[in-house]
Amino acid sequence: MSALRPPSPATERLAQASADFAAKLAETQEVLRGASREHRAIKQASSLGAEDVIISHLIAELGLSITVFVLDTGALHHETLALLERQQAAARLPIEVHRPNTGQVIQWVARHGQSAIYDSMALRKDCCRLRKLEPLAQALQGQTAWITGLRREQSDARAEVPLIDTTEQASLGRIKYNPLANWTWGDVWHFIAQEQIDYNPLHDAFFPSIGCAPCTRAISQGEPFRAGRWGWEEESAKECGLHVRTA
Ligand code: SF4
């Protein structure tokens with residue numbers, strides 16, 4: 001784990017509820033209940049980051065019939081894999097793990113090299129296609145809805161994220177629910193602290209947004225929320241394709 005400063009508990013450093021937090025929480029719970037009522041084939045995509053552990057916690061608390069899935073790209077931090085193991089052991093919810101095709105990953109690395117993701121954005125995006133997008137398509141096959149932890153505050157590209165996103169409906173036949181769209185980072189940590197939710201210790205080491213190990217770093221004070229993701233690329237390019245809006 002590389003840290004710019006000594007680790008400091010995110011729950012102590014960041015927890016700060018908005019004045020209207022109770023209303024936001026009620027809204028989130030209603031979105032989740034509504035999604036579960038409307039769809040029999042619905043899953044939560046969890047990166048095991050702070051937002052996603054909250055959503056999984058609420059799904060379990062509300063007793064909703066929603067399966068959680070994790071994309072294990074083969075390049076996750078050991079802290080993330082350890083959290084996955086703890087969540088599976090806790091068995092509060094069924095957790096599916098989807099992985100890329102091992103043979104294709106081996107071929108890709110043999111052809112392009114271990115550090116190809118740093119050579120060009122095209123190769124980086126191709127790695128995301130192989131390790132994330134293809135397993136995502138497999139995870140969502142037959143689903144009419146999915147749930148994500150996107151928040152408007154995370155980046156300019158996410159500033160318009162709606163609670164219920166229907167832009168994938170025509171092309172992919174599914175709705176995307178973003179029940180934390182209105183939450184601040186302070187709200188996230190307030191709720192994690194209040195509910196004592198298990199979380200990824202990388203957040204204590206100043207990783208606000210957690211992805212694959214080779215593509216994620218801690219951020220410095222004042223840097224944008226997603227500065228640590230693909231830190232060598234332009235801000236506007238910092239998506240892996242999972243959340244690119246189709247309309
Ligand atoms: S985040 Fe990095 S390692 Fe992970 S799939 Fe994308 S390019 Fe590959």
Side-chain angles (χ1 to χ4, degrees), residues 24-62 64-73 87 93-98 100 125 128-185 187-188 191 208-212 225-226 229-230 236-247:
K24 288 184 190 174
L25 176 59
E27 176 185 68
T28 294
Q29 290 169 325
E30 197 39 50
V31 168
L32 287 171
R33 283 196 202 94
S36 175
R37 267 196 311 270
E38 292 286 319
H39 300 274
R40 297 178 78 88
I42 177 169
K43 291 181 179 176
Q44 182 209 349
S46 174
S47 68
L48 299 161
E51 292 88 349
D52 294 328
V53 296
I54 287 177
I55 294 172
S56 298
H57 174 83
L58 287 171
I59 289 171
E61 288 288 298
L62 297 170
L64 303 177
S65 181
I66 296 172
T67 300
V68 180
F69 72 89
V70 170
L71 303 179
D72 177 0
T73 60
Q87 287 204 341
L93 288 172
I95 300 180
E96 294 178 357
V97 180
H98 292 265
K125 289 194 169 179
C128 284
R129 173 196 60 76
L130 180 60
R131 291 177 185 262
K132 288 185 172 181
L133 298 185
E134 292 185 2
L136 177 76
Q138 180 193 60
L140 291 179
Q141 200 165 27
Q143 303 300 300
T144 57
W146 60 313
I147 300 171
T148 84
L150 296 187
R151 291 183 302 110
R152 292 183 186 147
E153 202 193 54
Q154 286 167 337
S155 69
D156 289 348
R158 297 181 178 183
E160 306 288 331
V161 161
L163 284 166
I164 303 174
D165 186 345
T166 57
T167 55
E168 292 181 356
Q169 199 165 20
S171 56
L172 299 170
R174 61 182 175 242
I175 290 176
K176 181 155 76 172
Y177 290 87
N178 307 303
L180 303 187
N182 293 322
W183 289 37
T184 63
W185 196 219
D187 292 331
V188 166
F191 193 67
S209 175
I210 300 169
C212 294
F225 188 86
R226 285 173 67 79
R229 302 292 298 278
W230 307 292
S236 59
K238 291 184 177 186
E239 294 288 351
C240 57
L242 261 63
H243 299 300
V244 174
R245 296 186 72 184
T246 54

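Residue pairs that meet the salt bridge (Lys or Arg N to Asp or Glu O under 4.0 Å) test with at least one member in residues 142-152, sequence neighbours left out, are Glu51-Arg151, Arg151-Glu153.
Side chain of Thr73 to main chain of Lys132: no donor-acceptor pair is present (N/O by atom type, distance under 3.5 Å, no hydrogens or angles). Judged by distance alone, the side chain of Lys43 and the main-chain N or O of Phe69 form no donor-acceptor pair under 3.5 Å. With hydrogens and angles ignored, the 3.5 Å screen pairs no side-chain donor or acceptor of Ser36 with any backbone N or O of Leu32. Between the Asn178 side chain and the Leu150 main chain, no donor and acceptor come within less than 3.5 Å of each other. Judged purely by atom type and a 3.5 angstrom limit, Glu168 has no side-chain atom pairing as donor or acceptor with the backbone of Ile175.
Residues Pro179 and Trp183 share a closest heavy-atom pair of O-NE1, 4.1 Å. The shortest heavy-atom contact between Leu93 and Ile59 is CD2-CG2, 3.7 Å. Between Pro208 and Trp185, the closest heavy-atom pair is O-CH2, 3.6 Å. Counting all heavy atoms, side chain and backbone alike, Leu136 lies closest to Leu71 at N-CD2, 3.9 Å. Across Asp52 and Gln44, no two heavy atoms sit closer than the pair O-NE2, 3.1 Å.
Summarising the geometry, atom CG belonging to Leu140 is positioned 4.5 Å from atom CZ belonging to Arg174; distances are rounded to the nearest 0.5 Å. The OG1 atom of Thr28 sits 5.0 Å away from atom CG of Leu180, with the distance rounded to the nearest 0.5 Å. Taken from CD1 in Ile42 to CD1 in Ile66, the straight-line distance is 4.5 Å, to the nearest 0.5 Å. With values rounded to the nearest 0.5 angstrom, Asp72 atom CG is found 9.5 Å from Arg131 atom CZ.
Salt bridge present: Glu30 and Arg33 bring a charged side-chain N and a carboxylate O closer than 4.0 Å.
For the residue pair Thr67 and Glu96, no side-chain donor N or O sits within less than 3.5 Å of a side-chain acceptor on the partner.
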> Would Phe191 and Lys24 satisfy side chain to side chain contact (heavy atoms under 4.5 Å, CB included), going step by step from the backbone distance to the final call?
Replying inline: CA-CA 11 Å; Phe191 193 67; Lys24 288 184 190 174; over 6 Å; no

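The shortest side-chain heavy-atom distance between Pro162 and Ile164 does not fall under the 4.5 Å cut-off.
Judged as a side-chain contact (heavy atoms from CB on, under 4.5 Å), and not counting sequence neighbours, the contacts of Glu134 are Gln104, Arg129, Leu130.
When Ile54, Asp187, Leu58 are each tested for a side-chain contact (heavy atoms from CB on, under 4.5 Å) with Leu25, only one passes: Leu58.
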